[in-house]
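Working notes for the structure below.
One is the number of the first residue; the rest follow in order along the sequence.
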Amino acid sequence: MKAKNDKKTIWAWCMFDWANQSYNMVITSTIFPAYYVFYTTFQNSSPNHDKVTFFGHEFVNTVILTYVLGAAYLLIVILLPILTSIADYRGNKKRYLQFFTWLGALSCAGLFWFKPVQTGTPALELPLIFYALACIGYCGGFVFYNSYLPQIATDDQMDSVSAKGFMYGYAGSLVMQLLCLVVIEDPGLFGLKEVIHEALPERLSFLLIFFWWMGFSITPFRLLPKSEPAPGKHNYNVFTGGFLELARVFKKIQTLPLLKRFLSSFFFYSVGVQTIMLVAANFASKELHMPDDTLIEIILSIQVVGIIGAWLTAKVSGKIGNVKTLIGLVSIWTVLCLSVYFIANTPQFFVAAIVVGAVMGGVQSISRSTYSKYLPPNIPDTASFFSFYDVTEKLAIVVGLFTFGFVEGITGEMRDSALALDCFFAMGLVLMIVLMVAENRTKKQALVTA
């Protein structure tokens with residue numbers, strides 16, 4: 001096994017983020033949400049122009065999209081603890097990384113067949129199933145990707161390596177988005193003018209995600225180190241061993257008070273962070289009637305600012321510490337979420353989006369590295385420990401998405417849903433302050449003991 005901080009290994013690890021963040025940009029943030037809202041709202045000829053049918057039941061179009069995404073994350077919450085503990089037990093987390101990557105990329109390719117219709121709305125069952133499977137593939141791969149961090153980097157390098165991964169992701173998604181934008185804005189370059197009425201340029205972008213995601217994933221598949229089976233578990237049945245490993249890690253977390261406090265705060269602020277990132281495009285398209293071109297330009301700006309934000313946050317955390325940095329970031333998110341209620345036009349949305357970009361990459365990268373630092377040193381079963389991190393995040397997304405969809409379904413206003421999310425930010429901020437107090441107390445006790 002290679003030593004930690006190997007440059008080639010870290011580069012290969014970052015290339016996975018370069019590959020898979022194209023999904024996040026095109027499918028969850030820009031082209032697919034705008035495409036979906038347009039063909040289920042503004043070209044919907046039914047009396048209730050934003051109502052759609054899904055398996056025989058009527059929903060508000062953005063509400064069912066939110067629910068489907070929430071259901072996908074719920075399935076991830078159920079599956080990942082089992083899969084990651086099995087991966088540690090067998091020592092094959094790279095195989096799971098590959099499986100989920102194929103699942104996500106192929107599902108994006110499946111969205112190519114989501115075509116507009118002349119009247120009414122297109123059938124949504126199959127496209128939304130592909131939409132959910134793409135999410136499952138993305139999230140499933142990411143938990144195994146995250147679990148490599150303590151395996152490839154030392155404690156003093158985790159912040160910078162984690163931030164580097166996010167910067168690669170933002171840069172890769174930016175390039176992919178620009179490529180898709182060229183196809184959509186100037187389809188004549190590719191001989192597509194005669195078929196614009198079938199939305200072929202937009203649908204081709206979903207197919208391009210497949211090739212980008214799988215093509216650049218070959219590098220981490222080849223260069224990331226293999227994981228060794230966790231010692232002492234070779235006599236277990238694979239499923240029994242998985243559950244026993246899961247129970248063991250859960251008990252271990254209960255003995256780590258700082259880690260447990262961090263996970264509590266992380267859950268609450270992740271409800272807000274992840275949900276806002278997933279529903280922002282729906283809000284811009286539906287509430288502000290923002291043109292696709294403008295929305296894509298704003299999201300591209302977010303990615304550029306996100307690269308700078310992730311780098312700057314790593315520098316700040318090196319000077320004042322991770323917890324203080326997170327308190328500052330979550331404070332900004334709390335104010336930002338409250339401001340969503342008052343956004344009424346594109347310039348205001350643009351200002352809010354730039355602030356989101358500045359703190360988005362920072363809070364994600366520092367959260368990941370902070371969790372890594374709180375883990376016991378040199379543990380062999382990193383996938384199982386990181387499953388708790390990822391399950392906490394995914395469960396937060398489930399709560400956030402269903403809260404957002406439920407409030408919108410009752411009030412008919414996405415702005416009211418944003419207010420509900422702000423309560424989660426406030427709770428996460430309070431718990432992070434509690435963690436800071438507990439960490440300072442622990443450090444003082446250590447000095448007295450020494």
Side-chain angles (χ1 to χ4, degrees), residues 77 80-81 84 142-143 146-150 153-163 165-166 246 248-275 310 313-314 316-334 359-379 381-400 423-446:
V77 168
L80 279 184
T84 50
F142 219 79
V143 68
N146 280 341
S147 70
Y148 270 103
L149 182 57
T154 55
D155 284 356
D156 62 316
Q157 294 297 314
M158 281 185 186
D159 286 351
S160 61
V161 172
S162 181
F166 276 102
L246 181 63
R248 188 192 68 80
V249 172
F250 178 76
K251 290 180 181 179
K252 183 66 176 179
I253 289 176
Q254 303 309 304
T255 66
L256 302 169
L258 294 181
L259 179 60
K260 188 166 65 172
R261 285 189 173 91
F262 169 76
L263 284 173
S264 298
S265 174
F266 175 70
F267 169 79
F268 280 99
Y269 70 71
S270 290
V271 170
V273 171
Q274 300 299 328
T275 305
T313 301
V316 172
S317 68
K319 294 183 178 296
I320 68 173
N322 288 37
V323 175
K324 289 181 179 179
T325 303
L326 281 171
I327 288 174
L329 291 172
V330 177
S331 298
I332 295 172
W333 272 106
T334 304
V359 296
M360 176 178 62
V363 75
Q364 289 179 305
S365 64
I366 292 300
S367 294
R368 181 168 63 186
S369 60
T370 302
Y371 180 78
S372 296
K373 290 179 178 181
Y374 283 139
L375 293 180
N378 300 318
I379 54 173
D381 45 356
T382 55
S384 290
F385 272 91
F386 259 94
S387 75
F388 274 87
Y389 176 85
D390 284 275
V391 164
T392 301
E393 182 182 60
K394 275 38 174 199
L395 186 59
I397 294 173
V398 172
V399 173
C423 297
F424 290 98
F425 274 120
M427 180 59 70
L429 178 59
V430 170
L431 291 173
M432 187 57 65
I433 294 172
V434 171
L435 171 62
M436 181 182 67
V437 173
E439 188 176 59
N440 290 338
R441 186 186 304 120
T442 301
K443 289 179 180 178
K444 288 181 181 179
Q445 290 174 350

**OP:** Look only at the side chain of S162 and the backbone of S365, and say whether a donor-acceptor pair between them is shorter than 3.5 Å.
**Re:** yes
Original post:
Considering all heavy atoms of both residues, which atom of K252 and which atom of P376 are nearest to each other, and what is their separation?
Top reply: CE-CG, 3.9 Å
Subject >> Nearest-0.5 Å distance that lies between atom OG1 in T392 and atom CG in L263 >> reply: 4.5 Å
Original post:
Hey, what's the ring geometry for W333 with F425, parallel, tilted or perpendicular (30° and 60° as the breaks)?
Top reply: parallel
**OP:** Please check if atom CE in M436 has more than 12 non-hydrogen atoms from other residues, nucleotides or ligands closer than 6.0 Å.
**Re:** yes
Original post:
For the side chain to side chain contact (heavy atoms under 4.5 Å, CB included) test, which of V323, L329, V330 pairs with I327?
Top reply: V323
Original post:
In a check of side chain to side chain contact (heavy atoms under 4.5 Å, CB included) between T370 and each of T325, L326, L435, which one passes?
Top reply: L326
Subject >> Which atom of S369 lies closest to which atom of L149, heavy atoms considered >> reply: CA-CD2, 4.5 Å
Subject >> Residue pair E439 / F262, side-chain heavy-atom distance below 4.5 Å >> reply: no
**OP:** Can you measure from CG (L429) to CE (M427) and round to the nearest 0.5 angstrom?
**Re:** 10.5 Å
Original post:
Looking only at heavy atoms, what is the nearest atom pair of M158 and S372, with distance?
Top reply: SD-CB, 3.1 Å
Original post:
Is a donor on one side and an acceptor on the other found under 3.5 Å between the side chain of S160 and the backbone of Q157?
Top reply: yes
Original post:
For I366 and S317, which heavy atoms make the closest approach, and how far apart are they?
Top reply: CD1-OG, 3.5 Å
Original post:
Can you name the closest pair of heavy atoms from I397 and Q274 and give their distance?
Top reply: CG1-CB, 3.3 Å
**OP:** Under the side chain to side chain contact (heavy atoms under 4.5 Å, CB included) rule, what do F424 and T275 come out as? Steps first, then yes or no, please.
**Re:** CA-CA 11 Å; F424 290 98; T275 305; over 6 Å; no
**OP:** Decide if atom NZ of K324 counts as having more than 12 heavy atoms of other residues, nucleotides or ligands within a radius under 6.0 Å.
**Re:** no
Subject >> Nearest-0.5 Å distance, CD of residue E393 to CZ of residue R368 >> reply: 9.5 Å
Subject >> Heavy-atom donor-acceptor pair, S270 side chain to F267 backbone, under 3.5 Å >> reply: no
Subject >> Y269 and F266 aromatic ring geometry - parallel, tilted or perpendicular at 30°/60° bounds >> reply: perpendicular
Subject >> Polar side-chain atom of R261 near backbone of A438 as donor-acceptor pair, under 3.5 Å >> reply: no
Original post:
Could you give the distance from CG (L256) to NZ (K260), rounded to the nearest 0.5 Å?
Top reply: 9.5 Å
